[in-house]
Amino acid sequence: MRYVPREPRDGINVSKTHALVEAGTLVAGFSLIFVLIVLVLVFMVELALLFVSPEAEARVFENWQPGDLVAVDADDRRLAEVDALTQRLARHWPDSPYRFRVAINDSEKPNAMAFPGGLIIVTTGLLDRVQSENELAFVLGHEIGHFRNRDHLRMLGRGMLLTLSLSALGDGSGAGLGLTIADLTLRGFSRRQEADADEFGLTLVHAEYGHIAESTRFFERVADEFGGDHGYYEYVATHPSPEDRIDEIRELGRQRGWSESGPPVPLQW
Amino acid sequence: MSLGESDILISNTELVPGREIVEFYGVVTGNTVRAKHIGRDIMAGLKNVVGGELAGYTELLQDSREEATRRMIEQARSMGANAVVNVRFATSSISQGAAELFAYGTAVRVR
Amino acid sequence: MSGGQTLNLFLNIGFPIALLVFAYLIGSLIERRHFANIRKRESELRGFPVTTFERLPERWQVSSAGLVSGSIVVSLDYFKRVIAGLRAIVGGRVKTYEPLLERARREALLRMTEDARRAGYDAVINVRLETSRLANAAGNGNSTAGVEMLAFGTAVKLERR
């Protein structure tokens, strides 16, 4: 037996696929899969909504309070004012199955959210920034619009299903990509919802005051304050960009022939 | 292909029975890194409750080991060898969910 | 688009992408240079017998023997690690790991062989190769800090061949 020096051919233990090709294939494949998953989730939620009537929802969640979101402060004069304004606006939606309730969340971010059973939560950040009743009325009308279109249940259902399906991915790079893709896909749906809720909100505001002056002022101010930064993410980024939104609201008012001028009602606090 | 079924002889002993080594060329290696997928994970998770064979994983690792062996044989062939002796297998975890299957031995010419 | 939005977009999307591109470019450069270096050293050591034989080939007269080893700890670049993370979900061959393990193993073998030659030996027999993963203390031991490749064997000094 003797030793004959020889070398094996190079590269047998390395796949020929280029790293960039592998990356492209995986990212494209994942994007497609996640878009499909999101579409299926959206469809499942729509299906589930058919089985939950608004009346049943209103009954089940009548006294429900998400404890971690609500700062219970009955002394806050603003709570009573917001509640009264909500009830006044809701009168213009006579067939509403909901008994609307308002709660305040102690957060600096200007935000308003719709929860099952007719619960509207506004943040102290929002209340600190609104300067007239008309501004606040449009924000509340918009949330009531979500109830009419049942968007609050959609968002809740999609969020739950999405969290479930993403939890299977762990916390690696797949989950990050999945979340981004899912977010972008859902944003397409939520834009439509927000525009519809804006329309209903504007209808309520017009019915209450006879004009829609000041409705967009809140968004203009918030956009100025945050300089387009996503610090106001909670309220605006899940919605269309404030500039587009203001334009759309104005356009809608013009189409309906609603007056854009009228005396603003001052806040009572 | 099962292990050792090839025109190149594979042996995990020093000697290929009935043959004589005339030349040796050096160490040859073959490897592959494989990841299991979520579907298999879920099935294995269910099977874990009752224990026993995780057939999905057995198959995955066996497939991978065969590929590692094929690559090792490919290296031996490129050196002009007709046998690989003293072959060893190793399996090691590389990252979460991915394992390396690895085979190595000495490429030789037998008569 | 305002200045704040531009900055935010950069922090959320631009920065990770820039990091990926940077990791890919530098990682590929390091890999290419390492492979070139390995090939050069391998051809220099071509005449040095390295085998997995447990016993000595007959007619070898050994005057002395000793254990030699070579090892290296390597890690994937960020770009390839992200791809490997995606691959781990769908399963299959994790192609981005293969070049890393290949060059690490060849480097470990080279270091062992160089160790043997430096010590005046003529050959290495009964070579064993081992791979082990070093878990990262930070990510609950889930993420990988690196992979160690170890090659060891018995180096022998021959009286005559």
Side-chain angles (χ1 to χ4, degrees), chain A residues 1-41 43-44 158-183 185, chain B residues 8 14-16 19-45 64 67-86 90 94-98 100-111:
Chain A
M1 186 179 2
R2 65 196 177 88
Y3 176 61
V4 181
R6 281 186 192 167
E7 263 178 42
R9 196 175 78 241
D10 213 23
I12 287 172
N13 280 329
V14 178
S15 293
K16 298 288 172 287
T17 318
H18 195 277
L20 288 178
V21 175
E22 168 93 347
T25 318
L26 283 170
V27 170
F30 266 99
S31 306
L32 197 69
I33 289 170
F34 277 113
V35 168
L36 287 177
I37 287 178
V38 168
L39 292 181
V40 169
L41 293 188
F43 179 74
M44 281 165 67
R158 288 173 192 170
M160 272 158 46
L161 288 179
L162 197 64
T163 313
L164 269 178
S165 38
L166 283 180
S167 66
L169 298 178
D171 50 3
S173 34
L177 182 72
L179 198 62
T180 312
I181 301 290
D183 190 43
T185 317
Chain B
I8 303 234
E14 196 92 3
L15 303 164
V16 184
R19 309 286 186 102
E20 180 202 346
I21 298 173
V22 284
E23 288 174 347
F24 67 96
Y25 304 128
V27 174
V28 283
T29 60
N31 79 327
T32 186
V33 186
R34 294 293 181 97
K36 54 199 170 62
H37 62 78
I38 289 180
R40 275 198 172 122
D41 258 6
I42 294 167
M43 290 312 293
S64 317
E67 172 163 32
T69 313
R70 257 198 306 278
R71 284 177 162 186
M72 179 187 75
I73 289 171
E74 199 51 45
Q75 284 205 347
R77 186 178 290 123
S78 75
M79 291 164 104
N82 64 1
V84 185
V85 297
N86 250 354
I94 296 299
S95 72
Q96 190 74 0
E100 188 199 33
L101 283 296
F102 176 55
Y104 62 103
T106 302
V108 298
R109 172 155 289 279
V110 294
R111 193 169 55 204

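Here is how names work: the chains are called A, B, and so on, in the same order as the sequence lines, proteins then strands, and each is numbered from 1. It should be emphasised that the depicted structure is a prediction, and the values quoted were computed from it without experimental measurement.
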Without swapping roles, check the side chain of R6(A) against the backbone of M79(B) for a donor-acceptor pair under 3.5 Å.
-> yes
Which pairs of donor and acceptor atoms, one on a side chain in residues 23-40 of chain A, lie under 3.5 Å apart (sequence neighbours left out)?
| residue | atom | partner | partner atom | Å |
| --- | --- | --- | --- | --- |
| T25(A) | OG1 | V21(A) | O | 2.5 |
| S31(A) | OG | V27(A) | O | 2.7 |

Taking every heavy-atom pair that is under 4.5 Å apart, which of V4(A), N13(A), D10(A), V14(A) has the most such pairs with chain B?
-> N13(A)
Checked V28(B), T29(B), V27(B) vs chain A; the most non-hydrogen pairs under 4.5 Å come from T29(B)
Residues in residues 101-111 of chain B near chain A [non-hydrogen atoms, under 4.5 Å] = none
Considering only heavy atoms and a distance below 4.5 Å, find which of I21(B), N31(B), V33(B) pairs most often with chain A.
-> N31(B)
In short, I12(A) meets S78(B) closest at the heavy-atom pair CD1-OG, 4.2 Å
Interface check, chain B: of R2(A), R9(A), E7(A), most non-hydrogen pairs under 4.5 Å belong to R2(A)
